[in-house]
Visitor: 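Quick one: the structure is below, questions incoming.
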Amino acid sequence: TPERMEFHFIDVDMNNATLVMDWAGIRLSLKVEADPTKQVMINIENALADAEEDDRWMVLRNAASFARDTKMTKEGLTWITESVKLKNDNWYSYWVYAQLLAQNGENKDAVSKAEKSIEIGLADAKESGSPFNYEERIKADIASWK
């Protein structure tokens, strides 16, 4: 049978991975390291600098969502606060806001923002005639913060 060369990434996380090559009974491992957070921060700065005024709230909200996912709570709260000041009728913005507040231990305010998220989401759904599919997920977050 012909020899096969195989490549795999193992031990993968946000900043590291190991590339493994297996061929003809030989295994070669190569550790790969990166700092994606640094690049994402540069991308966020560039996106904010380039954003049209009407879209700035969304760039800020997306930055806050990234910050929530990477536990950069302080930066995330700054971004989402500014986002909601620019556009205060987006249900997802309020959910991100709530999650960041909860990460920061501000559960009472998190519950309030999450309830606002549901209120806006349900109103949007009623207006558009389409269902609001996130209500139960947001309610589960609220229950975990009480």
Side-chain angles (χ1 to χ4, degrees), residues 4-23 27-146:
R4 288 191 334 183
M5 183 181 295
E6 294 183 7
F7 293 91
H8 306 275
F9 283 99
I10 62 172
D11 302 326
V12 178
D13 66 26
M14 181 76 168
N15 299 310
N16 305 290
T18 302
L19 172 62
V20 177
M21 179 192 73
D22 290 313
W23 184 47
R27 173 170 268 201
L28 175 66
S29 298
L30 174 66
K31 185 163 180 134
V32 180
E33 296 179 353
D35 187 0
T37 301
K38 180 179 178 181
Q39 185 59 52
V40 169
M41 293 300 286
I42 291 168
N43 293 349
I44 288 170
E45 288 173 18
N46 290 339
L48 286 170
D50 295 342
E52 298 289 329
E53 195 58 37
D54 290 346
D55 296 331
R56 186 172 173 79
W57 72 271
M58 194 176 344
V59 175
L60 287 161
R61 192 231 17 235
N62 293 344
S65 180
F66 168 78
R68 174 203 58 207
D69 294 345
T70 56
K71 306 292 190 256
M72 295 171 51
T73 309
K74 181 181 174 188
E75 294 88 343
L77 283 169
T78 299
W79 290 325
I80 199 63
T81 300
E82 188 176 341
S83 175
V84 169
K85 282 180 186 174
L86 294 172
K87 182 170 175 59
N88 65 359
D89 63 351
N90 181 269
W91 73 268
Y92 185 67
S93 295
Y94 278 95
W95 191 20
V96 171
Y97 203 165
Q99 292 169 323
L100 284 161
L101 286 166
Q103 276 182 3
N104 205 44
E106 300 175 54
N107 289 11
K108 183 178 178 184
D109 289 339
V111 167
S112 173
K113 298 294 188 218
E115 288 170 345
K116 180 78 172 173
S117 174
I118 291 171
E119 178 186 319
I120 294 168
L122 290 172
D124 288 350
K126 184 176 182 180
E127 186 177 312
S128 69
S130 59
F132 180 58
N133 296 321
Y134 290 87
E135 183 177 6
E136 293 306 314
R137 289 178 62 187
I138 298 169
K139 283 182 176 179
D141 279 350
I142 290 171
S144 74
W145 299 330
K146 286 187 172 181

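Fair warning: this is a prediction, and the values are worked out from it, not measured in the lab.
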Visitor: Does NZ or CZ of Lys113 come closer than 6.0 Å to the centre of the six-membered ring of Tyr97, within 45° of the ring's axis?
Guide: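 Yes, a cation-pi geometry.
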Visitor: Given side chain to side chain contact (heavy atoms under 4.5 Å, CB included), test Ile142 with Ile118 step by step and report yes or no.
Guide: CA-CA 11 Å; Ile142 290 171; Ile118 291 171; 4.0 Å; yes
Visitor: Donor-acceptor pair, distance only, cut-off 3.5 Å: does the side chain of Gln103 make one with the backbone of Arg68?
Guide: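 Such a contact is found between Gln103 side chain and Arg68 backbone.
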Visitor: So Asp22 and Phe7, do their side chains get closer than 4.5 Å, heavy atoms only?
Guide: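 In short, these two side chains do not touch, never coming nearer than 4.5 Å.
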Visitor: How many angstroms lie between atom NZ of Lys38 and atom CG of Asn15, to the nearest 0.5 angstrom?
Guide: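 Output value for this atom pair is 12.5 Å.
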Visitor: State whether the side chain of Asn104 and the backbone N or O of Glu106 hold a donor-acceptor pair below 3.5 Å, judged by distance alone.
Guide: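 No, Asn104 side chain to Glu106 backbone: no donor-acceptor pair under 3.5 Å.
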Visitor: Under the 3.5 angstrom rule, does the side chain of Ser83 hit a backbone N or O of Trp57 as a donor-acceptor pair?
Guide: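 Yes, because the side chain of Ser83 sits within donor-acceptor range (under 3.5 Å) of the backbone of Trp57.
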Visitor: Does a donor on one side chain and an acceptor on the other come within less than 3.5 Å for Gln39 and Asp35?
Guide: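 Asp35 and Gln39 do not have a side-chain donor-acceptor pair below 3.5 Å.
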Visitor: So, for Ala17 and Phe9, which heavy atoms are closest and what is the spacing to 0.1 Å?
Guide: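 Closest heavy-atom pair between Ala17 and Phe9: CB-CD2, 4.1 Å.
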Visitor: Can you confirm whether Thr81 sits close enough to Leu60 that some side-chain heavy atom of one is under 4.5 Å from a side-chain heavy atom of the other?
Guide: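 With C-beta onward as the side chain, the pair stays apart.
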Visitor: Is Glu6 salt-bridged to Arg4, going by a charged N under 4.0 Å from an acidic O?
Guide: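 Here Glu6 pairs with Arg4 in a salt bridge, since their nearest N and O are under 4.0 Å apart.
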Visitor: Could you tell me the separation between the CG atom of Asn43 and the CG atom of Asn62, rounded to the nearest 0.5 Å?
Guide: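 It comes to 12.5 Å.
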Visitor: Rounded to the nearest 0.5 Å, how far apart are CE of Met14 and CG of Asp69?
Guide: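 With rounding to 0.5 Å, CE (Met14) is 8.5 Å from CG (Asp69).
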Visitor: Looking at every heavy atom in both Leu100 and Ala67, which two are closest together, and how far apart are they?
Guide: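 Result for this residue pair: CD2-C, 4.4 Å.
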Visitor: Can you tell me if Phe132 has over 12 outside heavy atoms packed within less than 6.0 Å of its CZ?
Guide: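 Check passes, neighbour count above 12.
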Visitor: Taking the six-membered ring where the residue is Trp, are the ring centres of Phe66 and Trp79 under 6.0 Å apart?
Guide: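 Distance test on ring centres: not under 6.0 Å, no.
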Visitor: To the nearest 0.5 Å, what is the distance between CG (Leu28) and CG (Leu19)?
Guide: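 CG of Leu19 is found 7.5 Å from CG of Leu28.
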Visitor: Are Arg56 and Glu52 close enough for a salt bridge, meaning some N to O gap below 4.0 Å?
Guide: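 Judged by the 4.0 Å cut-off on N to carboxylate O distance, Arg56 and Glu52 do not form a salt bridge.
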Visitor: Can you find a heavy atom in the side chain of Asp50 that is under 4.5 Å from one in the side chain of Leu48?
Guide: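 With C-beta onward as the side chain, the pair stays apart.
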Visitor: For Ala114 and Ile138, which heavy atoms make the closest approach, and how far apart are they?
Guide: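 Looking at all heavy atoms of both residues, the shortest contact is O-CG2, 3.6 Å.
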Visitor: So, for Val59 and Ala51, which heavy atoms are closest and what is the spacing to 0.1 Å?
Guide: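 Nearest pair, atom of Val59 first, then Ala51: CG2-CB, 4.0 Å.
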Visitor: How many angstroms lie between atom OG of Ser117 and atom CD of Glu135, to the nearest 0.5 angstrom?
Guide: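 With rounding to 0.5 Å, OG (Ser117) is 10.0 Å from CD (Glu135).
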Visitor: Just do the side chain to side chain contact (heavy atoms under 4.5 Å, CB included) check on Leu77 and Leu101 with the steps written out, would you?
Guide: CA-CA 7 Å; Leu77 283 169; Leu101 286 166; 3.9 Å; yes
Visitor: Could you tell me whether a side-chain N or O of Thr78 sits under 3.5 Å from a main-chain N or O of Lys74, the two making a donor and an acceptor?
Guide: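 Yes: the side chain of Thr78 pairs with the backbone of Lys74.
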Visitor: Mind checking whether Asp141 and Trp95 have side chains closer than 4.5 Å, heavy atoms only?
Guide: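 Yes, side chains in contact.
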Visitor: Could you tell me whether a side-chain N or O of Asn107 sits under 3.5 Å from a main-chain N or O of Trp145, the two making a donor and an acceptor?
Guide: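 Here the side-chain-to-backbone pair exists.
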Visitor: Any side-chain to backbone donor/acceptor pair from Ser65 onto Arg61? Under 3.5 Å, distance only.
Guide: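 No, Ser65 side chain to Arg61 backbone: no donor-acceptor pair under 3.5 Å.
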Visitor: Provide the closest heavy-atom pair for Ile80 versus Val96 in the form atom of the first, atom of the second, distance.
Guide: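 Result for this residue pair: CD1-CG1, 4.1 Å.
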Visitor: With a 4.5 Å heavy-atom cut-off, do Met58 and Lys87 have their side chains touching?
Guide: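 No, too far: nothing below the 4.5 Å cut-off.
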Visitor: Flag the pair Lys31 / Asn16 as yes when at least one side-chain heavy-atom distance between them is below 4.5 Å, and no otherwise.
Guide: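 In short, these two side chains touch, coming nearer than 4.5 Å.
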Visitor: Would you give the length of the straight line joining atom CD1 of Ile120 to atom OH of Tyr94, rounded to the nearest 0.5 angstrom?
Guide: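 If I round to the nearest 0.5 Å, the distance is 5.0 Å.
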Visitor: If I compare all heavy atoms of Ala102 with all of Ala110, which pair ends up nearest, and what's the gap?
Guide: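 Of all heavy-atom pairs spanning Ala102 and Ala110, the closest is N-CB, 3.7 Å.
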Visitor: So Met21 and Arg27, do their side chains get closer than 4.5 Å, heavy atoms only?
Guide: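 SC-SC contact between Arg27 and Met21 ruled out.
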